[in-house]
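Encoded as C-alpha cells, the structure appears first; notes follow it.
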Amino acid sequence: MCINSCAAFVGPYADYDMCPECGQHRFDQIKFTKSNGRIKNPRAVFHTIPIGPQL
Ligand SMILES: [Zn+2]
C-alpha cells in the first residue's frame with residue numbers, strides 16, 4: 001500500500017509504481033535503483049488480521 005496509507009496497490013492500481021493520490025513511490029527507490037529494477041521492495045504493506053483469533 002502507499003506509504004501515506006491513501007491507496008492500496010490492488011485491483012486497478014496493481015500495476016502502478018506510484019501512488020495515484022499523493023505520487024509517492026510504491027517501492028523502496030534505493031533498493032530498486034541499486035538492483036536495476038529487480039528488487040521491488042514495498043515501502044509499506046497492509047496487513048489484514050483475521051478477526052477470528054481476536055475474539
Ligand atoms: Zn499515497
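Since this is a predicted model, take the numbers as computed values, not measurements. Just so you know, these numbers use all the heavy atoms, side chains as well, and skip hydrogens, waters and symmetry mates. Count residues from 1 along the sequence.
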### Task
Count the heavy atoms belonging to other residues, nucleotides or ligands that lie under 6.0 Å from CZ of F32, then report whether that count exceeds 12.
yes
Please set out all donor-acceptor pairs under 3.5 angstrom arising from side-chain atoms of residues 18-27, sequence neighbours excluded.
residue: Q24; atom: OE1; partner: R43; partner atom: NH1; Å: 3.2
residue: R26; atom: NH1; partner: A14; partner atom: O; Å: 2.7
residue: R26; atom: NH1; partner: Y16; partner atom: O; Å: 3.1

### Task
Mind checking side chain to side chain contact (heavy atoms under 4.5 Å, CB included) for K31 and listing every partner two or more places apart, or none if nothing turns up?
D28, I39, N41
### Any residue meeting side chain to side chain contact (heavy atoms under 4.5 Å, CB included) with V10, in chain and number order, not counting sequence neighbours
A8
### Query
If you measure from CD1 on I3 to CE on M1, what distance do you get to the nearest 0.5 Å?
10.5 Å
#### Entry: F9 CZ to D17 CG distance, which is reported to the nearest 0.5 Å
8.5 Å
### Query
Can you name the side chain to side chain contact (heavy atoms under 4.5 Å, CB included) partners of T33, sequence neighbours left out?
none
